[in-house]
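Reading through the structure tokens given below for one structure.
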Amino acid sequence: MVRYEELVKDPIVREKQILALWQQQDTFAKSLEQTKGGQHYVFYEGPPTANGKPHFGHLMPRVYKDLFPRYKTMQGYYVPRKGGWDTHGLPVELEVEKEIGVNSKPEIEAYGVERFVKRCKESVWRYKADWEDLIERMGFWIDEKNAYVTYTDDYIESVWWELAQMFDRGLLYQGHKVLPFCPRCGTGLSSHEVAQGYRTVKDPSISVRMLISGDEECSYKQELPGKTALLTWTTTPWTMPANVALAVAPGATYAEVEQNGERLILAKALLGQALEGDYEVVRQFLGKELVGLRYEPPYLLVSDARAYSVHAAEFVNMEEGTGIVHIAPAFGEDDYQLAQEEGLPFFQPVNLSGEFTKEFPLCSGAFVKEADPLLIDDLTKRNLLYRFVLYEHEYPFCWRCDTPLLYYAMDSWYIKTTAVKDQLITNNHQINWYPAHVGSGRLGDFLANLKDWALSRDRYWGTPLNLWICASCGKVIAVASRAQLVELAVEKKLASTVEFHRPYIDAVELVCGECGNKMQRVPNVIDAWFDSGSMHTAQWHYPFENTNEFKDNFPADFICEAMEQTRGWFYTLLATSTIIHGEAPFKNCIATGLGLDESGLKMSKSKGNVVDPWELIDVYGADCLRWYLYSSSAPWKSKRLGEANVKEPLYRFLDTLCNTYNFFALYASIDSFDPMKHQSRQQQLNVLDNWILSRLSSMVNTVTRGLDDYDVVSATEAIESFLEELSNWYVRSSRRRFWKGGMERDKIAAYTTLYRVLISLVRILAPFVPFITEAIYQRLRMVGDPESVHLCSYPKSEDGQIDRDLELAMAVARQVVSLGHRARNRAHIKVRQPLRRILLDTNLPLTEDICCLIEKELNVGKIEQVPTVEAYLDKTLNPNFATLGPRLGVRAKMAAAWLETQSPESLVKAFDARTSIDAQINGEDIEIRKEDVLFETVPPKGFLIAEEGEVHVLLDANLSDELREQGFIREVMHSIQLLRKDAGFAVSDRIILGYETDQRLTDLITKHRETIAAEILAIDLVSKLEQKYEYTGELTIDTSTITFGLSRTDKS
RNA sequence: GGGUCUGUAGCUCAGCUGGUUAGAGCGCUCGCCUGAUAAGCGGGAGGUCCCUGGUUCGAGUCCAGGCAGGCCCA
């Protein structure tokens, strides 16, 4: 006795059971154990930070991060999947600041750096449990037990080793550059961090008069008495006090205008937008004529003689402002550059907290943005302000704390990535990017305009920069290991145990090799992106140990993260690996798109439209969400995560799979089918069996090809259409084979085939939807099979099984059936009403077996294949531009017009004899070939036609009495079956049927009583309703009514 | 301002190297079929394939220029 347990429909119940099973059997570990000797397939985990809850942005890449390792594992590769956690950096510090209620670096210092750092270390794991829950519930298999953690001393030691190499090769240098700077966090931001925080904001934009004070060295001459002003413009009024110069575009035209009795100078192209009200152009000249002109600044704070004159600069644009740019070298990259070139003074009236110093008393102590109104007020009073408007533009904000960034000239350590630019570009070309434009466009563009990597951060919680400087001789060294640290340390004992974090490491002093004096570590920590970007090496604590693990796992075959990691993790991995190992650290990379809300908008906290993954998982299940993400569109396309979209695969795909299994389970249990015992030989399979097995192998080929190409969508499409064919054609057409009594060869063939297909299908699907496939597998597996579907091998195509002709024939058959239904539908003839015959073209590749299927499905007596159905049809014609066009060119339209005038019959006749005819068209001889004409057809009387492409179906709809009688019997049987179902009888229950109706129908039923009885499993048919029945019902045909009574019986 | 992607039915998306009347799924609607099915099948409604030019006998497809949206960068 073999029983196949029914599969519960509720996905949540199902999946929870499976989770328990995996845990109990430790299936993931087993899958690694059994592939240990296999070839490595290397996956790198992009480390998340566990100090925030996981959301869809993490989930979308992770479904692919799970799919490919599972797939490769089933193919026999060894895919260890070492987890990882990103633990350093500003985000962590910010969380802690919030917690302890501080808001600035001095407050942190007051709180105590050690206490602070300790809290950071704890904070990193705040949401670890949330992450673990989600990872487990989604069926993501990743080795978290051996995960790398970026804050460990081992990890840091490897990072130091990398940095020391860079330093020794001269790739680490201290620079003085204008950096985007967060005054609240007190640190500069790297370009990839700045990129995260651009927002459109309205800022005050002001136009300010700079009164001309002299023109000694300038070609521009003031001819009129009185003051003329240069009109300058800025969106950051607070930078005005730091003004030391003005810049103009030398080649552009400027104008002096008169307005309300005053003279203003500005770019001619910007007159319209920069000036208010009427004005008169007094004269025009080129920008270079203004160079050298001296002016009175609004705040005369610098006594340097070089200050306060006009300079030429290429960066001055004519799109906004006045074409006269205010230069504050302390607050702008371009400004700083120009100041360097022109030898201008540098004035910095703002401290690192973004507050004005005493050097500018008017606003002393005020935060820069708060100083704006004070300055505007002051300028207005002094009649220097020409105009004030709110101006909408993109401005960078700190990506974590949302404070507006200031551009600020400061010291910083840089990695000279520009020195390896060519190699970065070469290595980038070695990577297969999905989609390709990430590599060629987004990253390629970034690399083409590469800037050095601003590495240092003036913060506390991070990998400490491993540079020590000698206070007396200025020597700098980069420590490459703990061993070296101990070797050079003043206090060796301390150095041998010290934790590699601030403040502990700050206490370690080294002895200078040059002069013997003490060396101090620089105060900085490094950009946390360098940590995660070093994982290819540091996850193994290479080169200090695990040399083999490193070699076996470099480079990665596959990584996948969200698209915004392009200039984040993707870049930092590539940059560190290129410098340290000389090659790209990964071969294939999928960049995933954004998660959108129901209406297609980006999810964001401020909009309050963030979809919680749990809301979907708890209702529709992990499989459903996974399949939705895999199948809805390419990974890099953004996905709508509204319920309506996400739930679709559940009933369309997963339920169909479930139903198909349950169909098998129902009958295979009744018949106690045992795949070990009931073997079926190849030659006993019927056409449907051979067809579905051929389709199975073809599908495996498509899926494998797709996955090998990282093309997930074509794989899911192939599986979806296969399941459709399995459920709606194979099972549907095979049903009668399963209902027969006994265990004949054909029935065994059907069971064997369906069993084989199901067990292959769940193996194919296992990497995609690990739960439902496991559930089905557990119900199907036999003694000796692996204990989990995830321990099975991935199915390979049995190419010998593929029969392309058969697949084609079956596709045509399905089309014929579909067309037949269409024809019936149009004529309102039910499928239950048998028809005499159907006419098909003989050129259709249909075998007898297949014709038989069509006859059953369409309920027609027989199929007649005729040389061409067209012979039975009336015709109309159309010109075939596909052949006319290439041959005749412009004359194609003439030929087409001529064809319209011809009668179809005469052309058919003409082409019977020849393959081409010569036509006289507008005085030209034009050859018309057979293939130039496309004939359309109209069916004769009493026939129904439907056609599609090359397939024409002609149904003979003339009904004889006999056909009507058969139709009636089918109607009777159908309605009794419905009653059985309504009554809740089991499919195998035997019944006694009573009925009552008029004499004519009674005679008919009596005549066909055996057919009816067999079909409805009736032991007896009684033409009276005397006794009490368990269930009764009625059927009305034409004007007659039949009343039925049904009772179950033990007799057989 | 630069890079890049996208724009096809109410929604989600196909549409290969140009080829007759542009497709699928979901949704709507009418009908059918059902001894696994919350299913399936068929009909119907629903499209200026973002716009404008160009190449071509022929453009959703190729080219150019716009427009709109997204992302990335300045």
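In what follows, every chain begins at residue 1, and chains take the letters A, B, ... in the order their sequences are listed. Remember, predicted model here, so these are calculated numbers, not experimental data. Keep in mind that the numbers below use all heavy atoms, side chains included, and drop hydrogens, waters and symmetry copies.
- When the P atom of B:rG40 is taken as reference, atom CD of A:E725 falls 15 Å away, rounded to whole Å.
- The C1' atoms of B:rA36 and B:rU17 are separated by 44 Å, rounded to the nearest whole Å.
- Among residues two or more places apart in sequence or in another chain, the side-chain contact (heavy atoms from CB on, under 4.5 Å) test is passed with A:E720 by A:W627, A:S631, A:R652, A:F653.
- A:Y434 has its side chain out of reach of A:V712: every pair of non-hydrogen atoms, C-beta onward, lies at least 4.5 Å apart.
- What separates CD of A:E564 from P of B:rG70 is a distance of 16 Å, to the nearest Å.
- In this entry the distance linking CD of A:Q565 with P of B:rC71 reads 16 Å, nearest Å.
- Residue A:D335 contributes atom CG, which lies 17 Å from atom P of B:rA74 at whole-angstrom precision.
- The partner of B:rC41 is B:rG31, by the rule that a Watson-Crick or G-U pair needs both atom distances under 3.5 Å.
- Pairing of B:rU4, defined by two Watson-Crick or G-U wobble distances under 3.5 Å, is identified with B:rG70.
- The base-pairing partner of B:rA36, taking Watson-Crick or G-U wobble contacts with both distances under 3.5 Å, does not exist among the strands shown.
- Across the protein-nucleic acid pair, A:Y628 atom OH and B:rC13 atom C1' stand 10 Å apart, rounded to whole Å.
- Note on A:S633: a side-chain N or O is less than 4.0 Å away from OP1 or OP2 of B:rC13.
- The aromatic rings of A:F446 and A:Y571 lie perpendicular to each other, with more than 60° between the two planes, well past the 30° mark.
- Going from the P atom of B:rU8 to that of B:rU61 covers 13 Å, rounded to whole Å.
- Note that the OG atom of A:S633 and the NZ atom of A:K639 stand 3.5 Å from one another [nearest 0.5 Å].
- Between B:rG27 and B:rG42, the two P atoms lie 15 Å apart (nearest whole Å).
- With sequence neighbours left out, the side chain to side chain donor-acceptor pair (under 3.5 Å) criterion links A:N662 to no other residue.
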Close N/O contacts between protein and nucleotides 3-6 of chain B (under 3.5 Å):
| residue | atom | partner | partner atom | Å |
| --- | --- | --- | --- | --- |
| B:rU4 | O2' | A:H437 | ND1 | 3.1 |

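- Rounded to an integer number of Å, the gap from A:L7 CG to B:rA38 C1' is 14 Å.
- Relative orientation of the A:F673 and A:F664 rings is perpendicular, given thresholds of 30° and 60° on the angle between their planes.
- Protein atom CG of A:L858 is 19 Å distant from nucleotide atom P of B:rG40, rounded to whole Å.
- Contacts of A:W233 classified as ring pair (Phe, Tyr, Trp, His ring centres under 6.0 Å), with partners at least two apart in sequence or in another chain: A:Y391.
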Verdict with supporting geometry, A:L629 and A:V646, side chain to side chain contact (heavy atoms under 4.5 Å, CB included): CA-CA 8 Å; A:L629 292 171; A:V646 173; over 6 Å; no
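- At most 12 non-hydrogen atoms from other residues, nucleotides or ligands lie less than 6.0 angstrom from CD of A:E6.
- In this entry B:rA24 has B:rU12 as its Watson-Crick or G-U wobble partner, both defining distances falling under 3.5 Å.
- As rounded to the nearest Å, B:rC28 and B:rG10 have C1' atoms that lie 9 Å from one another.
- Under the 4.5 Å side-chain criterion, counting only non-hydrogen atoms from C-beta, A:L754 is in contact with A:Y730.
- Here the separation of B:rC13 from B:rG31, taken at their C1' atoms, is 28 Å to the nearest Å.
- Of the P atoms belonging to B:rA22 and B:rC50, the separation is 15 Å, rounded to the nearest Å.
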Distances under 3.5 Å between protein N/O atoms and the N/O atoms of nucleotides 32-37 of chain B, please, pair by pair.
| residue | atom | partner | partner atom | Å |
| --- | --- | --- | --- | --- |
| B:rC33 | OP1 | A:R832 | NH1 | 3.3 |
| B:rC33 | OP2 | A:R832 | NH1 | 3.2 |
| B:rC33 | OP2 | A:R832 | NH2 | 3.2 |
| B:rU34 | OP2 | A:R832 | NH1 | 2.7 |
| B:rU34 | OP2 | A:H974 | ND1 | 3.0 |
| B:rG35 | O2' | A:W739 | NE1 | 3.4 |
| B:rG35 | N7 | A:Q977 | OE1 | 3.4 |
| B:rG35 | N7 | A:Q977 | NE2 | 2.4 |
| B:rG35 | O6 | A:E1015 | O | 2.5 |
| B:rG35 | N1 | A:V987 | O | 3.3 |
| B:rG35 | N2 | A:V987 | O | 2.4 |
| B:rA36 | OP2 | A:Y667 | OH | 2.5 |
| B:rA36 | N6 | A:S727 | O | 3.0 |
| B:rA36 | N1 | A:S727 | OG | 3.3 |
| B:rA36 | N3 | A:N659 | O | 3.1 |
| B:rU37 | OP2 | A:K981 | NZ | 3.4 |
| B:rU37 | O2' | A:N659 | ND2 | 3.0 |

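- Looking at which nucleotide of RNA chain B each of A:S638 and A:D10 is closest to, the 5′-most match is held by A:S638.
- Residues A:K451 and A:T418 have side chains not in contact (no heavy-atom distance under 4.5 Å, counting atoms from C-beta outward).
- Taking the P atom of each, B:rU4 and B:rC63 are spaced 14 Å apart, rounded to whole Å.
- Base-pair partner of B:rA59: not found among the strands shown (Watson-Crick or G-U wobble, both distances under 3.5 Å).
- Using modelled atom types and a 3.5 Å distance limit, the side chains of A:S714 and A:D711 yield a donor-acceptor pair.
- Counting non-hydrogen atoms under 4.0 angstrom, A:E717 reaches nothing in the nucleic acid.
- The separation of B:rC41 from B:rC49, taken at their C1' atoms, amounts to 29 Å, rounded to a whole angstrom.
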Can you pull every protein N or O that's under 3.5 Å from an N or O on nucleotides 23-26 of chain B?
| residue | atom | partner | partner atom | Å |
| --- | --- | --- | --- | --- |
| B:rG25 | O2' | A:E648 | OE2 | 3.2 |

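- Nucleotide B:rG18 forms no Watson-Crick or G-U wobble pair with any nucleotide shown, as no partner meets the under 3.5 Å limit on both distances.
- Between A:K9 and A:D655 there is no salt bridge, since no side-chain N of the basic residue sits under 4.0 Å from a carboxylate O of the acidic one.
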